[in-house]
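To start, the structure under review is shown below, and the notes come after it.
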Amino acid sequence: MTDALPEPLPMGLRRVAIDPVSRVEGHGKVTLLLDDANHVRQARLHIVEFRGFEAFIVGRPYWEVPVMVQRLCGICPVSHHLAASKALDVALGLQAPPAAQALRRLMHHAQIMQSHALHFFHLSSPDLLLGFDSEVARRNIVGIAQAHPDVARQGVLLRAFGQELIRLTSGKKVHGTGSIPGGVNRHLTVDEVAQARAQVPQMLAWCEQAVDLAEQLWAANRPLHEGFGAFRSSFMGLVTPDGTLDLYDGALRVRSADGARLLDDVSVQHYLDHIEEATEPWSYMKFPYLKALGRAAGSYRVGPLARLQVAERLSTPRAEARRQAFLAEARDGGVFGSLAYHRARLIEMLHAMELIADGLDDPALLGGELAQPMPRPRPGQRREGVGVIEAPRGTLIHHYVLGDDDLVQWCNLIVSTTHNNAAMNEAIRQVADQYFDGRALSEGLLNHVEVAVRAYDPCLSCATHALGQMPLQLDLVDDDGALRQRLVRDSDGHITDATPA
């Protein structure tokens, strides 16, 4: 796998490695193979950590799973918490009561809002507001706080609001226990709801200002935002029967780059009829694709940019108006630039905040049945369920089979970043082709490649590197193995040329 020695290079090629990619959740690296003319012959995103959750969940009691799977991530644990709960609802033949549905949705929308705020304000705004080639020591959230203090403050407080709602509904801000198979385990109090409602007007205003900022960045350099890491692709997401985006529930829809519906109204319980996963020896992350189109043509994208184009509408007025304005600028049948994910993400943040505002008015938050009782298994009964939810980064699939002994017999997880694996690799190739050819290595050039990965807000494992100051070494090597140039970034973010004399 990826921890083995690098495979031999073909004659006339040299390898450039970005290891690790910074300001993303987890650890990954990028390798580029260049020919003698510095043209990119190959670009790959390697996921170099082995997680193993699908294996060690097997044999655990089903009631542990919604809490266990949250350890996949410290940024979007709510998504795993709810996807697992939904899958177990199906496997156990349970229907979460209305109060539980309302509380789960509030928890989920808070997760969407705070995660989008974290990604834009903490991880991506340094590139977008300070510049891809800006001084590396400033290109982080501290630099944003110095140059744009209001933007930084709003990002922190938006996330704090979402995190507090998660605490109220799940018991903790990170790795809570609020959702259980068949429902949830607590209501909100009148005071808790009132305190949250009091902050809604300010949060809505800041979300709208964030979308304003994204639109201004787009207008200031439209060719960059439309063309950076741009490629035509299919898109996948969850929609209701009338085509409205539903972040918590719905059926699968896939639209092609030309707008045709490749899949529509597909029950999430039957996802395996349509999606297959391939593996490669150079990454621990799988490559999903549509069976009907095959591996070569069947890749697709998920997440905010996909959801806004798969759905026919958003259910909230402010975000829907912004979505329509965004898509009105589309060319060639859709919006395909990787940087467009940022604008789509902030429209979704506004949408989630509007859903929170509506959800806080639901009296079911305060009373009503919380959960259905657990049924006794019947010998020989196959208990299997799929739970799908739109996590911040895209469609998230949890699939479990339970035994008569209430232990998990089989598990399959397709996380959002896995769906986007092929897309991230293609974005890297496009950016490398556009910016790398014929240029000497530099930190700013290196960052262009990282920006392409960051646009997808990948969750490569559990870790978060919000400051972008992880140590990094980049080597440019001839095909005979001789080192031509070496750049080193230390833990303080300083870049030095460490090429041996």
Side-chain angles (χ1 to χ4, degrees), residues 105-106 108-117 119-121 124-125 128 150-151 154-155 157-159 161-162 197 199-222 225-226 235-250 253 255 259 301-362 390 392 394 455 457:
R105 283 183 178 270
L106 183 61
H108 180 51
H109 296 148
Q111 163 68 12
I112 293 282
M113 194 276 282
Q114 69 87 20
S115 180
H116 284 352
H119 180 262
F120 179 78
F121 291 102
S124 291
S125 68
L128 300 172
D150 288 342
V151 171
Q154 289 170 16
L157 294 178
L158 279 167
R159 185 164 189 249
F161 176 79
R197 278 181 184 157
Q199 299 181 66
V200 163
Q202 181 63 80
M203 298 301 142
L204 283 170
W206 283 342
C207 286
E208 293 232 63
Q209 290 173 29
V211 182
D212 290 341
L213 177 58
E215 292 176 351
Q216 292 163 12
L217 290 169
W218 184 283
N221 197 342
R222 184 167 178 172
H225 286 265
E226 289 184 335
F235 297 110
M236 184 173 79
L238 292 177
V239 296
T240 63
D242 68 356
T244 303
L245 174 65
D246 193 331
L247 297 168
Y248 176 80
D249 208 359
R253 174 183 285 180
R255 58 151 281 183
R301 286 191 265 186
V302 299
L305 185 63
R307 290 190 287 246
L308 296 194
Q309 298 184 83
V310 165
E312 296 173 36
R313 67 189 63 83
L314 303 182
S315 61
T316 60
R318 300 189 196 191
E320 173 59 9
R322 300 300 188 116
R323 186 191 77 95
Q324 291 183 17
F326 178 42
L327 298 184
E329 302 179 35
R331 299 175 182 177
D332 300 324
V335 181
F336 299 107
S338 293
L339 286 183
Y341 265 90
H342 297 301
R343 185 171 171 184
R345 189 170 288 117
L346 294 181
I347 292 172
E348 270 199 354
M349 184 175 74
L350 173 61
H351 177 50
M353 191 60 233
E354 289 184 278
L355 291 170
I356 289 169
D358 293 340
L360 287 171
D361 289 334
D362 191 339
E390 286 294 340
D457 189 16

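Side chains are part of it too, since the values below use all heavy atoms of this structure and drop only hydrogens, waters and symmetry mates.
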Would you confirm whether [X], through its side chain, and [Y], through its main-chain N or O, come within 3.5 Å as a donor-acceptor pair?
X	Y	value
Arg307	Leu247	no
His342	Ala214	no
Ser125	Phe121	yes
Glu348	Ile112	no
Glu354	Ala319	yes

Under a 4.5 Å cut-off applied to non-hydrogen side-chain atoms, are [X] and [Y] in contact?
X	Y	value
Leu158	His116	no
Phe161	Met353	yes
Leu213	Leu346	no
Val302	Glu390	no

Contact summary for [X] and [Y], nearest pair of heavy atoms:
X	Y	answer
Ala117	Gly155	CB-O, 4.2 Å
Pro392	Gln111	CG-NE2, 3.8 Å
His109	Ala352	O-CB, 3.6 Å

Worked verdict on Arg343 versus His225 for side chain to side chain donor-acceptor pair (under 3.5 Å) = CA-CA 9 Å; Arg343 185 171 171 184; His225 286 265; over 6 Å; no
What is the distance from atom [atom1] of [X] to atom [atom2] of [Y], rounded to the nearest 0.5 Å?
X	Y	atom1	atom2	value
Leu245	Thr240	CG	OG1	8.5 Å
Arg197	Asp361	CZ	CG	4.5 Å
Met349	Trp206	CE	CH2	11.0 Å
Gln209	Leu204	CD	CG	11.5 Å
Gln199	Leu360	CD	CG	10.0 Å
Arg301	Ser338	CZ	OG	5.5 Å

task = Determine, step by step, whether Ile347 and Leu314 satisfy the side-chain contact (heavy atoms from CB on, under 4.5 Å) criterion, reporting the C-alpha distance in whole Å, the side-chain angles of both residues, the deciding distance to 0.1 Å, and the verdict.
result = CA-CA 10 Å; Ile347 292 172; Leu314 303 182; 4.3 Å; yes
[X]: side chain to side chain contact (heavy atoms under 4.5 Å, CB included) partners, not counting sequence neighbours:
X	answer
Ala110	Leu165, Ile166, Ile356
Ser315	Thr244, His351, Leu355
Glu312	Arg253, Arg261
Ala340	Trp218, Leu305, Phe326, Val335

ask   = Taking only residues at least two apart or on different chains, which pairs with a member in residues 316-326 satisfy salt bridge (charged side-chain N to carboxylate O under 4.0 Å, His left out)?
value = Glu208-Arg318, Glu208-Arg322, Asp212-Arg322, Glu215-Arg322, Glu320-Arg323
query = Who passes ring pair (Phe, Tyr, Trp, His ring centres under 6.0 Å) against Tyr248, sequence neighbours left out?
reply =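 So Tyr248 forms no ring pair (Phe, Tyr, Trp, His ring centres under 6.0 Å) with any residue.
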